[in-house]
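Report on one structure; see the data block that follows.
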2 protein chains.
Amino acid sequence: MVKSAPVCKSESIGEYVEDVISSLPPDERIIELSEFLEAFGDSSRIKILLALSKHELCTCDISAITGLSVSAVSHQLRVLRDKKIVKYRRDGRNVFYSLDDEHVAAILETAMKHIRERR
Amino acid sequence: MVKSAPVCKSESIGEYVEDVISSLPPDERIIELSEFLEAFGDSSRIKILLALSKHELCTCDISAITGLSVSAVSHQLRVLRDKKIVKYRRDGRNVFYSLDDEHVAAILETAMKHIRERR
DNA sequence: AACATACTTGAACAATTGTTCAAATATGGT
DNA sequence: ACCATATTTGAACAATTGTTCAAGTATGTT
């Protein structure tokens, strides 16, 4: 049996490679995961999320707190809404946003711990 | 006292806005946070990290496991190294990678829980 | 109905991203 | 010294991103 692709020796030797492959979730799930975590990869959104971790806030408040334009905030809130990272409720003219669940706060918390400890 | 900027009423009413502002970390810390979490926002990197959460692996093994080219893997490993998300050690011709600490695995775990529960 | 406030949206734009390909570097074996 | 293997790197490219600006929708007040 001839190997067509040029692969390294350790790959042929280590049978753990097969084990790892079969332990991976399907691509679809991996894409879902990365699209969710992608939302945390921007400083404007992190600022918004940190603010929301303290208090339920309307779009305009978030703009005042973060220093971003109302439009920029709204665009980012749409991203966060679509990815089910924040939830919202309308109250009169205002729309109030809050974190979707405890996992979102947990990720921010763990990430901050990592940053703090890696110095 | 006149307000120069056009801000919404709820911002003027709610004194919590000031509280939230002062609770936010400095911008520098927020950028650090987002740059760290940015690394989780790509399906190739997530695949690599999930693989590494199972086993220490060399570049070539990661390529075989993920189906990405060796070059693409190496470029992504550089990103993950720079952000202190993976660590590495050279052994002969191979360079073996592993997750930097338990926080990295924790973030992946929490994110997977979120995905699973939000359906 | 007319107006002000709160928010959302779409188009446009510069800036950044991830991959490929070719070339370079590093290590070990002969 | 030479060759093969393992990995890294740089340039190039299409694709995606986040912001701004202007225009839109939604709600409450008069």
Side-chain angles (χ1 to χ4, degrees), chain A residues 3 5-14 17 27 30-31 34-35 37-49 56-83 86-97, chain B residues 3 5-14 17 27 30-31 34-35 37-49 56-83 86-97:
Chain A
K3 285 247 166 131
V7 286
C8 69
K9 299 293 181 190
S10 68
E11 191 254 331
S12 341
I13 296 169
V17 167
D27 276 15
I30 289 177
I31 289 168
S34 66
E35 284 177 350
L37 286 166
E38 204 175 14
F40 295 84
D42 174 77
S43 62
S44 297
R45 287 193 296 266
I46 289 285
K47 219 172 187 177
I48 292 172
L49 292 174
E56 183 190 53
L57 297 166
C58 70
T59 306
C60 180
D61 285 342
I62 296 173
S63 168
I65 289 166
T66 60
L68 296 161
S69 73
V70 168
S71 176
V73 167
S74 189
H75 276 296
Q76 297 297 10
L77 285 171
R78 160 159 284 290
V79 173
L80 296 171
R81 255 191 293 150
D82 287 351
K83 306 205 173 175
V86 300
K87 49 188 186 205
Y88 62 102
R89 64 178 183 85
R90 184 175 267 283
D91 179 15
R93 276 182 282 223
N94 298 305
V95 178
F96 286 94
Y97 288 88
Chain B
K3 286 245 166 132
V7 286
C8 69
K9 299 294 181 188
S10 69
E11 192 254 331
S12 344
I13 296 169
V17 167
D27 275 15
I30 289 177
I31 289 170
S34 67
E35 283 177 352
L37 286 166
E38 204 174 14
F40 296 83
D42 173 77
S43 61
S44 298
R45 287 194 296 266
I46 288 285
K47 220 171 185 177
I48 292 172
L49 292 174
E56 184 190 52
L57 297 166
C58 70
T59 307
C60 180
D61 285 343
I62 296 173
S63 168
I65 289 165
T66 60
L68 297 162
S69 74
V70 169
S71 177
V73 168
S74 188
H75 276 297
Q76 298 297 10
L77 285 171
R78 159 158 284 291
V79 173
L80 296 171
R81 256 192 293 150
D82 288 351
K83 306 204 171 176
V86 300
K87 49 189 185 205
Y88 62 103
R89 62 179 184 86
R90 183 175 269 282
D91 179 15
R93 275 182 284 223
N94 298 303
V95 177
F96 286 93
Y97 288 86

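In what follows, chains carry the letters A, B, and so on, assigned in the order in which the sequence lines appear, proteins first and then strands, with residues in each chain numbered from 1. Reckoned from all heavy atoms, side chains included, excluding hydrogens, waters and symmetry mates.
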Take the protein atom [atom1] of [X] and the nucleotide atom [atom2] of [N], then report the distance between them rounded to whole Å.
| X | N | atom1 | atom2 | result |
| --- | --- | --- | --- | --- |
| Arg78(A) | dA11(C) | CZ | C1' | 16 Å |
| Asp82(B) | dT16(C) | CG | P | 17 Å |
| Leu80(A) | dC7(C) | CG | C1' | 16 Å |
| Asp61(A) | dT5(C) | CG | P | 16 Å |

**Report entry** Residues forming a side chain to side chain contact (heavy atoms under 4.5 Å, CB included) with Arg78(A), sequence neighbours excluded
**Finding:** Arg81(A), Asp82(A)
Report task. Taking side-chain hydrogen bond (donor to acceptor under 3.5 Å, both in side chains) as the test, write out the residues that go with Glu56(A), two or more places apart. Result -> Arg89(A)
Requested in this report: Decide side-chain contact (heavy atoms from CB on, under 4.5 Å) for Lys47(A) and Ile62(A); before the verdict, give the C-alpha distance in whole Å, the side-chain angles of both, and the deciding distance to 0.1 Å.
Outcome: CA-CA 9 Å; Lys47(A) 219 172 187 177; Ile62(A) 296 173; over 6 Å; no
May I have the list of side-chain donor-acceptor pairs in residues 39-46 of chain B shorter than 3.5 Å, sequence neighbours left out?
{"from": "Asp42(B)", "atom 1": "OD2", "to": "Ser44(B)", "atom 2": "N", "distance (Å)": "3.1"}
{"from": "Asp42(B)", "atom 1": "OD2", "to": "Arg45(B)", "atom 2": "N", "distance (Å)": "3.2"}
{"from": "Arg45(B)", "atom 1": "NE", "to": "Ala39(B)", "atom 2": "O", "distance (Å)": "2.7"}
{"from": "Arg45(B)", "atom 1": "NH1", "to": "Gln76(B)", "atom 2": "OE1", "distance (Å)": "2.9"}
{"from": "Arg45(B)", "atom 1": "NH2", "to": "Glu38(B)", "atom 2": "O", "distance (Å)": "3.4"}

Report task. Considering non-hydrogen atoms only, spot the tightest contact between Leu77(B) and Val86(B) and give its length. Result -> O-CG2, 4.3 Å
Query raised in the report: At their closest point, which heavy atom of Ser69(A) faces which heavy atom of Ser63(A), and how far apart are they?
Result: C-OG, 3.8 Å
Query raised in the report: Closer than 4.0 Å, any side-chain N/O of Tyr88(A) to the OP1 or OP2 of dT8(C)?
Result: no
**Report entry** Presence of Asn94(B) side-chain N/O under 4.0 Å of dT5(D) phosphate oxygens OP1/OP2
**Finding:** no
Query raised in the report: What is the bend of the helix from dT8(C)-dA23(D) to dT30(C)-dA1(D) when you compare the axis at one end with the axis at the other, using five pairs each and rounding to 10°?
Result: 30°
Requested in this report: Have a look at Thr59(B) and say if it touches a base, only the backbone sugar-phosphate, or nothing, with a 4.0 Å heavy-atom cut-off.
Outcome: sugar-phosphate
Query raised in the report: Val95(B) near the nucleic acid: base, sugar-phosphate alone, or nothing, with a heavy-atom cut-off under 4.0 Å?
Result: sugar-phosphate
Report summary line: When rounded to the nearest 0.5 Å, the distance separating CD1 of Ile30(B) from CG of Leu49(A) is 10.5 Å
Report summary line: Residues pairing under salt bridge (Lys or Arg N to Asp or Glu O under 4.0 Å) where one sits in residues 62-71 of chain A, two or more places apart or in two chains, turn out to be none
**Report entry** Residue from Thr59(A), Leu57(A), Ile48(A) passing side chain to side chain contact (heavy atoms under 4.5 Å, CB included) with Tyr97(A)
**Finding:** Thr59(A)
**Report entry** Base-contact (B) and sugar-phosphate-only (S) positions in nucleotides 17-30 of chain D, heavy-atom cut-off under 4.0 Å, - elsewhere
**Finding:** SSSBBB----BB--
